[in-house]
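Treat the numbers as computed from the prediction; the structure is a model and nothing was measured.
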Amino acid sequence: MKTNNPLDMDYVRSQFPGLAKGWTLFDNAGGSQILKSAVERINTFLFDKNVQIGGSYDISLKAAEALLEARTSAMHLVNANRPEEIVFGSSTTALLQNLAKAMQSQLSKGDEIIVTIADHESNIGPWDRLQDAGIKVKFWPLDREKLRLDLADLEPLMTDRTKLVCVTHASNILGEINPIREIADFVHARGAQICVDAVAYAPHRAVDVQAFDVDYYVFSLYKTYGPHYALMYGKYDNLLELDPLYHYFYGKDKVPGKLEPGNPNYELAYATCGIVDYLAKLGEMAGETGSVRQRIVAAYDAIAIQENALVDRLLGYLRSRNDCTIIGQSDNRDGTRIPTISFRFDGLDAGEVCKIIDREKIAIRFGDFHSRRLAEYLEVTDHGGMVRVSMVHYNTLDEVDRLTAAFDRMLNDENSKAVKP
C-alpha cells in the first residue's frame with residue numbers, strides 16, 4: 001500500500017547507534033550505518049549457533065536453520081521466488097567476479113558482453129577481463145547531453161552473439177534511477193540476459209526482481225544498513241547453468257552452495273534478518289499490516305518521502321549558486337533521483353572542500369567513487385574529482401541545512417581571499 005505518513009525520525013535514528021557520535025554522516029554511498037538489529041543477529045549467531053552447518057547435532061541444525069532464515073529474509077527483501085535464488089558473498093565486487101568466472105563455460109570465443117560507461121567498476125572489470133578468453137566487450141555510452149542511458153544507443157551494439165548486458169540500477173555519481181524493466185525487456189527480446197548492479201539503488205527503494213525481470217541482481221548489505229557483506233539474486237534456472245566454484249563434488253545442481261566457496265559467512269548472512277525486521281517494523285508504523293513483503297514495500301514508500309525531501313533541499317541550494325556544477329540531473333523529476341548528489345565548486349579542489357567540511361564534523365567524500373570510467377568520460381577527474389553528498393532516510397533536513405551553511409561559510413571565505421590585494 002502507498003503511504004503519505006512521514007517516518008518517525010526519532011525511532012529511525014534510535015535504531016542506528018553510530019548516529020550518536022556527534023557527526024553528520026553524508027557518506028552513506030560509501031557505507032551506511034549498521035542497524036542495531038543487524039548487530040544483534042550477528043551476536044546471536046556467534047554466541048548461540050557458532051558451529052559449521054551440515055552436522056547431525058542440535059547446534060549445527062540450528063545454524064543451518066539460521067542460514068535458511070537469512071536466505072528467506074533476503075528472498076523477501078528482493079521478492080525472489082525461493083530462498084535458493086540468494087547467493088551470499090563478501091562484496092558486490094567479489095560476487096560479480098565470481099559470476100563472471102562461473103559463466104565462462106557458457107561463453108564461446110566471439111561472444112559479446114555489453115557493459116555501460118556509467119557503471120561502477122565492479123560491473124565492468126570482471127567482464128572486461130573475459131576479453132583474454134576471446135569474449136568481445138562493448139561499451140554502451142551515456143548520452144552526454146541528457147546524462148542518461150538511451151536504448152537507441154544500445155540497439156546497434158546488440159547482435160546475435162550478445163549474451164549479456166550489464167547495467168547499473170542507479171549510478172553512484174549521477175544518482176538517477178535507470179528504467180531496469182524497460183532495459184530488461186529490450187535485452188530479453190534480443191536473446192540476451194541482464195546483470196544489474198544495484199548497490200546505489202537498494203538502500204533507497206524497494207527491490208522487486210520479479211517485477212524487474214532481471215537475470216542477476218547484486219548489491220552490498222553494508223550500504224543497505226547491514227554488515228560488510230553482499231548478496232546476489234539469480235533466477236534459479238540460470239544459477240543451475242553456472243559452473244561450480246566450490247569443491248569438485250559440488251555439482252551444478254547444488255544451488256546456491258556451489259557459488260559460495262568456503263561457505264557463506266553465517267553470522268553476516270544472518271544479519272540480513274535484522275535488516276528485514278527493521279524494514280517490516282517501518283512498514284507497520286506506516287500502516288501496513290500485511291505480509292513481510294508488503295511491509296517492506298510500505299517502508300520504502302515512507303523512506304522515499306523522506307529522501308525526496310532531502311534531495312529537493314540540497315539540489316535547491318546547489319542550483320541557487322552560480323559557482324556550482326551539479327553532475328547529473330539538477331532536479332528530482334517524479335522522485336527518480338536517489339539522494340546521492342555529486343557536484344563541483346568552480347575553481348576549488350574537491351579534496352580541499354571535503355577537508356574544510358570535515359572540521360564541521362560533517363562527513364562527505366571526494367574523488368571518482370570507483371566509477372572512474374564514467375568520471376573520465378565526463379572529464380571530471382581533475383581538481384580532486386567531484387564532491388559527493390550521499391544521504392539516506394535517517395538523515396534530516398536540519399543536517400542538510402548544517403551542510404549548506406558550512407558550504408556558505410567556506411565559499412564566502414574563499415571569495416574574501418580572492419578579492420584581497
Practice item. Indicate yes or no for a side-chain donor-acceptor contact from Thr72 to the backbone of Leu68 under 3.5 Å, with no hydrogens or angles considered. Key: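 Yes; judged by distance alone, with no hydrogens or angles, the pair exists.
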
Practice item. Would you check if the side chain of Ser220 reaches a backbone N or O of Tyr222 as a donor-acceptor pair within less than 3.5 Å? Key: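 Answer holds: no.
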
Review point. From Met391 CE over to Ser32 OG, what is the distance, rounded to the nearest 0.5 angstrom?
Key: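 Between Met391 CE and Ser32 OG, I get 14.5 Å after rounding to 0.5 Å.
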
Practice item. Quick one: pull up CZ in Arg388 and CD1 in Ile364 and give me the separation to the nearest 0.5 Å. Key: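 It comes to 11.0 Å.
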
Parallel, tilted or perpendicular, judged at 30° and 60°: which one describes the rings of [X] and [Y]?
X	Y	answer
Tyr225	Tyr394	perpendicular
Tyr250	His247	perpendicular
Phe16	His393	perpendicular
Tyr201	His169	parallel

Lys/Arg-Asp/Glu bridge criterion (N-O < 4.0 Å) met for [X], [Y]:
X	Y	value
Arg190	Glu155	yes
Asp408	Arg321	yes
Arg402	Asp398	no
Glu399	Arg13	yes
Arg313	Asp401	yes
Lys355	Glu352	yes
Glu288	Arg295	no
Arg71	Glu260	yes
Lys36	Asp277	no
Asp8	Lys281	no

Review point. Of the non-hydrogen atoms in Leu397 and Leu310, which two are nearest, and what is the gap between them?
Key: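 Result for this residue pair: N-CD2, 3.7 Å.
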
**Study point:** Aromatic Tyr377 / basic Arg373 pairing, under 6.0 angstrom, 45° off normal
**Key:**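 Here Arg373 fails the 6.0 Å and 45° test against Tyr377.
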
Could you check if a side-chain atom of [X] sits within less than 4.5 angstrom of a side-chain atom of [Y], using non-hydrogen atoms only?
X	Y	value
Phe369	Ser390	no
Thr92	His120	no
Thr325	Val380	no
Pro264	Leu67	yes

Tell me, yes or no, whether the heavy-atom count around [X] atom [atom1], taken from other residues, nucleotides or ligands under 6.0 Å, exceeds 12.
X	atom1	value
Lys254	NZ	no
Asp382	CG	yes
His188	NE2	yes

Exercise for review: Identify the residue among Val207, Ile194, Asn79 that makes a side chain to side chain contact (heavy atoms under 4.5 Å, CB included) with Phe212.
Suggested key: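 That would be Val207.
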
